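Small disclaimer: the values here were computed from a predicted structure and weren't measured.
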Amino acid sequence: EREHFAELAKELEVPILLVEIQSPEHVIKERMDARVAKDKSVSDADFEVYEFLKERFERPTRALPRVVIDGTLDTSLQMDTILAKLFSLF
């Protein structure tokens, strides 16, 4: 599906940016477990779903612009990094 979006972006002459969030697996599990325990999740996904998807993850086959952020930090604090990379594509 990623390839479809890359082709569409090229056709529409708009930039595309992959945002990769990297976190240690124990952090992901802790956060997902806490979210499920609070029963306030907007998602039905639990750690089992994460593991299922992790096994099927495919790295991009095409060199696309991307930014990698640290998932252990507050994402809102990293928006400047994401936006700077995005704006550099124009």
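- Rounded to the nearest 0.5 angstrom, Arg31 CZ and Thr72 OG1 are separated by 7.0 Å.
- Side-chain atoms of Glu20 never come within 3.5 Å of backbone atoms of Arg66 as a donor-acceptor pair (strictly under, hydrogens ignored).
- Linking Ile, Leu, Val, Met, Phe, Trp and Tyr whenever their side-chain heavy atoms come within less than 4.5 Å leaves Phe5 and Leu86 in two separate clusters.
- In this structure, Asp70 CG and Leu77 CG are separated by 11.0 Å, a value rounded to the nearest 0.5 Å.
- Distance CG/Leu17 to NZ/Lys85: 7.0 Å, rounded to 0.5 Å.
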Exercise. Passes side-chain contact (heavy atoms from CB on, under 4.5 Å), Gln78 versus Val67? Steps please.
Worked result: CA-CA 10 Å; Gln78 300 180 77; Val67 63; over 6 Å; no
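- Phe57 CZ to Arg59 CZ: the interatomic distance, rounded to the nearest 0.5 Å, is 4.5 Å.
- Pairs engaging residues 47-58 under the side-chain hydrogen bond (donor to acceptor under 3.5 Å, both in side chains) rule: Glu25-Tyr50, Glu25-Lys54 [sequence neighbours left out].
- With hydrophobic clusters built from ILVMFWY side chains whose heavy atoms lie under 4.5 angstrom apart, Leu64 does not share a cluster with Val68.
- Met32 is not listed as a side-chain neighbour of Val49, based on a closest heavy-atom distance of 4.5 Å or more.
- The minimum heavy-atom distance between Ala9 and Ile16, with the atom names listed, is CB-CB, 4.0 Å.
- The distance from the OG1 atom of Thr81 to the CD1 atom of Ile69 is 8.0 Å, given to the nearest 0.5 Å.
- Expressed to the nearest 0.5 Å, how far CD of Glu30 lies from CD1 of Ile28 amounts to 10.5 Å.
- A continuous path of ILVMFWY side-chain contacts below 4.5 Å connects Val19 to Met79, so both sit in one hydrophobic cluster.
- Follow the hydrophobic side-chain contacts under 4.5 Å out from Ile82 and you reach Leu89 in the same cluster.
- Scored by the side chain to side chain contact (heavy atoms under 4.5 Å, CB included) test, Ala34 finds no partners at all (sequence neighbours excluded).
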